*Asks:* 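I'd like to ask you about the structure that follows.
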Amino acid sequence: MHIKSAIFVKGAVGTDDVFEDGHPQIAFIGRSNVGKSSVLNALTGQKSLARVSARPGRTQQINIFLINRVWYFIDLPGYGYAKGSRELKERLQKLIAWYLFRSTYRQKKVVLIIDGFIGWTESDREMRDALEESEKDVLIVANKMDKVKPSQYEDQLSALKAEAGKYRLIPFSAMKKTGVTELADELMR
Ligand code: GDP
């Protein structure tokens, strides 16, 4: 599946008609700094659809992009470490939890992005478990695989996959643009 068009629709901070207009939603979630913006840009072939190391503003809301006039890519704020006050972090955690776990909105897929070089962190495991508990259709993207030494690549990939459980894990590098076709094919079947 080739992404021909990607348009920023709007930022949402809560209930919004746009979530209910019938476009299938594919949500992207990950710890701050895993490269979520870079993955979205690599996937859509755009340099700055999602802001890399974003300005405040766009990172504090749920950003909605229309893809090929059919799907919504739902770019959720990063979890875990983030710049800003404790209040801001709490507000963002609540926004994520509301959209994924408490709202009535359904996702065709939830893409959990982890840092393939660092590996699974405690907050990644918590998110994976919460998604599994709420029976989401999860796909895991291990970004930054370009940082793994070739001699360690297979071992690292096995370790990453071991904790992916029943979910498919796609090794990815937003920097080298590896994994882009696999991810696009998996998302937009
Ligand atoms: P976000 O906070 O998750 O949206 O992360 P960003 O997309 O802003 O990226 C965070 C940092 O990781 C930036 O310095 C990126 O250049 C870097 N980065 C993102 N993807 C990759 C990758 O595939 N490989 C490497 N080596 N660095 C990456």
Side-chain angles (χ1 to χ4, degrees), residues 3 6 8-13 26-65 67 72-86 88-93 95-97 99-100 107 109-128 130-131 138-154 156-157 159-161 164 168-184 186-187:
I3 295 183
F8 177 68
V9 178
K10 70 184 292 189
V13 290
I26 299 171
F28 294 78
I29 179 88
R31 231 165 12 84
S32 306
N33 220 41
V34 292
K36 181 164 55 61
S37 307
S38 304
V39 169
L40 279 164
N41 291 338
L43 189 59
T44 55
Q46 298 203 8
K47 280 206 181 74
S48 56
L49 183 76
R51 302 267 162 177
V52 172
S53 301
R55 278 179 312 168
R58 276 242 188 145
T59 55
Q60 297 178 19
Q61 57 191 13
I62 298 174
N63 291 304
I64 304 161
F65 303 95
I67 306 299
Y72 279 154
F73 278 6
I74 308 291
D75 179 16
L76 294 161
Y79 58 82
Y81 172 82
K83 286 201 183 74
S85 66
R86 199 163 62 88
L88 173 63
K89 282 176 223 173
E90 284 175 7
R91 189 156 60 75
L92 295 181
Q93 300 317 303
L95 186 59
I96 294 168
Y99 170 78
L100 283 175
Q107 298 82 31
K109 275 257 188 281
V110 178
V111 182
L112 173 59
I113 304 172
I114 63 172
D115 184 321
F117 179 68
I118 291 176
W120 289 88
T121 69
E122 216 32 58
S123 54
D124 295 331
R125 294 184 184 102
E126 278 171 26
M127 182 56 72
R128 176 204 57 201
L131 292 169
V138 178
L139 177 65
I140 294 156
V141 168
N143 188 35
K144 306 199 187 183
M145 290 304 284
D146 60 278
K147 289 172 77 177
V148 179
K149 284 202 195 106
S151 60
Q152 285 163 10
Y153 191 92
E154 285 310 320
Q156 179 70 355
L157 187 55
L160 293 168
K161 282 183 175 172
R168 180 174 176 204
L169 180 143
I170 297 180
F172 199 94
S173 164
M175 198 174 97
K176 295 265 166 71
K177 311 261 191 298
T178 50
V180 171
T181 310
E182 290 89 329
L183 180 56
E186 181 73 31
L187 292 182

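Ligands are counted one by one from 1 in listed order, and the atoms in each one are counted from 1 as well. Reckoned from all heavy atoms, side chains included, excluding hydrogens, waters and symmetry mates. Here the structure is a predicted model, which is why all the values come from computation and not from measurement. Residue numbers start at 1 and run along the sequence shown.
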*Asks:* Nearest non-hydrogen contact with atom 22 (C) of ligand 1 belongs to which option: Val148, Asp146, Asn33?
*Replies:*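 Ranked by closest heavy atom to atom 22 (C) of ligand 1, first place is Asp146.
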
*Asks:* Hey, does the side chain of Asp75 reach the backbone of Phe65 with a donor-acceptor pair shorter than 3.5 angstrom?
*Replies:* no

*Asks:* Under a 3.5 Å threshold, yes or no: a donor from one side chain and an acceptor from the other, between Ser38 and Asn41?
*Replies:* no

*Asks:* Which of the atoms in ligand 1, numbered in the order shown and given with their element, are less than 4.0 Å from a heavy-atom of Lys147?
*Replies:* 26 (N)

*Asks:* For ligand 1, which atoms have a heavy atom of Ser38 less than 4.0 angstrom away?
*Replies:* 6 (P), 7 (O), 9 (O), 19 (C), 20 (N)

*Asks:* Give the contacting part of Lys144 toward ligand 1: side chain, backbone, both or neither, where contact means a heavy-atom distance below 4.0 Å.
*Replies:* both

*Asks:* So is Ser173 close enough to ligand 1, meaning a heavy atom under 4.0 angstrom away?
*Replies:* yes

*Asks:* With sequence neighbours left out, write down each residue that passes ring-ring contact (aromatic ring centres under 6.0 Å, His included) with Tyr72, or none if nothing qualifies.
*Replies:*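 His23.
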
*Asks:* Just let me know how Asn41 lines up against ligand 1, side chain, backbone, both or neither, with a heavy-atom cut-off below 4.0 Å.
*Replies:*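 The answer is neither.
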
*Asks:* Enumerate the atoms of ligand 1 whose separation from the nearest heavy atom of Met175 is less than 4.0 angstrom.
*Replies:* 22 (C), 23 (O), 24 (N), 25 (C), 26 (N)

*Asks:* For residues Thr121 and Asp115, determine if any side-chain heavy atom of one lies less than 4.5 Å from a side-chain heavy atom of the other.
*Replies:*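 Side chain of Thr121 against side chain of Asp115, heavy atoms only: no contact under 4.5 Å found.
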
*Asks:* Are any non-hydrogen side-chain atoms of Ile114 and Arg31 less than 4.5 angstrom apart?
*Replies:* no

*Asks:* Mind checking what makes side chain to side chain donor-acceptor pair (under 3.5 Å) contact with Glu186, not counting sequence neighbours?
*Replies:*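 Here the qualifying residues are Arg168, Arg189.
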
